[in-house]
Every structure is written in structure tokens, then in C-alpha cells.
Amino acid sequence: AGFELGIARDALLARLPPPKQSWEIGRGAVPVDAQDVDHDTWDRDGLEILASYRDGKVRRITVSLPKDALGKLTTSPL
């Protein structure tokens, strides 16, 4: 089991290795065992995965590529 929408933060943390960062709006980075965390971030398989919470449950999961994976974008057909 892994990431899942709608589950409690405690259940998600029990399924996964500790996040690389836990964040609380207004306070910034907080210990993983802090209460009222707004989101946690993990690095998995070369991706950054962020789980955002509302009322203690996962409400959004965002997956981002590393910055160096994006390369240079161009609009030129050549």
C-alpha cells in the first residue's frame, strides 16, 4: 500500500518511510510527529511526492519531476 486520498495522515505515515519534510503553514518545517501538519514531502523513484491534508486526511497528492528533468523548452520547430 502507498499513497491514497481520503485516509488519515497517521495511516499514511504508518504505510510509508518517514517524509523528508513536514510543513505547517505559518511555522514552516516541523518535526514529522507535529500536529496539524499541512503537507508532507517524500522523494520516491526520482519524483517528489507531496501529500496535502485537510482535517487530518489526505486531500491532495502532487507529483513533481526534479528540476533537471524538465530540460529546456522551446517553441521553435527547428
Side-chain angles (χ1 to χ4, degrees):
F3 294 92
E4 181 181 340
L5 292 171
I7 65 170
R9 179 176 183 258
D10 290 341
L12 183 66
L13 293 178
R15 292 180 175 186
L16 300 170
K20 75 172 183 178
Q21 184 177 63
S22 297
W23 193 269
E24 189 176 320
I25 294 173
R27 290 182 58 199
V30 295
V32 68
D33 60 353
Q35 300 297 313
D36 301 320
V37 169
D38 292 294
H39 64 261
D40 290 310
T41 305
W42 289 263
D43 285 330
R44 298 213 30 196
D45 299 324
L47 302 170
E48 182 178 88
I49 304 173
L50 185 138
S52 299
Y53 309 101
R54 181 179 297 154
D55 299 325
K57 295 185 178 178
V58 179
R59 293 295 178 218
R60 182 180 307 141
I61 298 170
T62 305
V63 179
S64 302
L65 292 169
K67 290 180 183 178
D68 61 353
L70 298 178
K72 183 178 178 183
L73 299 176
T74 180
T75 58
S76 171
L78 303 175

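When a residue number appears, it is its place in the shown sequence, counting from 1. Source: prediction; values computed, not measured.
Interatomic distance, Leu5 CG to Ile61 CD1, rounded to the nearest 0.5 Å: 4.5 Å. Note that CG of Asp38 is 10.0 Å distant from CZ of Arg9, once rounded to the nearest 0.5 Å.
Residues Thr41 and His39 share a closest heavy-atom pair of OG1-CD2, 4.0 Å. When all heavy atoms of Val58 and Leu12 are compared, the pair lying nearest together is CG2-CD2, 3.8 Å.
Within 6.0 Å of CZ in Arg59 there are more than 12 heavy atoms belonging to other residues, nucleotides or ligands. The 12-atom threshold is not exceeded at CD1 of Ile25, counting heavy atoms of other residues, nucleotides or ligands nearer than 6.0 Å.
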Side-chain donor-acceptor pairs under 3.5 Å in residues 16-24, sequence neighbours left out?
from  : atom 1 : to    : atom 2 : distance (Å)
Lys20 : NZ     : Asp43 : OD1    : 3.4
Lys20 : NZ     : Asp43 : OD2    : 3.4
Lys20 : NZ     : Glu48 : OE2    : 3.3
Ser22 : OG     : Asp40 : OD1    : 2.6
Glu24 : OE1    : Arg27 : NH1    : 3.3

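No continuous path of ILVMFWY side-chain contacts below 4.5 Å connects Leu50 to Val37, so the two sit in separate hydrophobic clusters.
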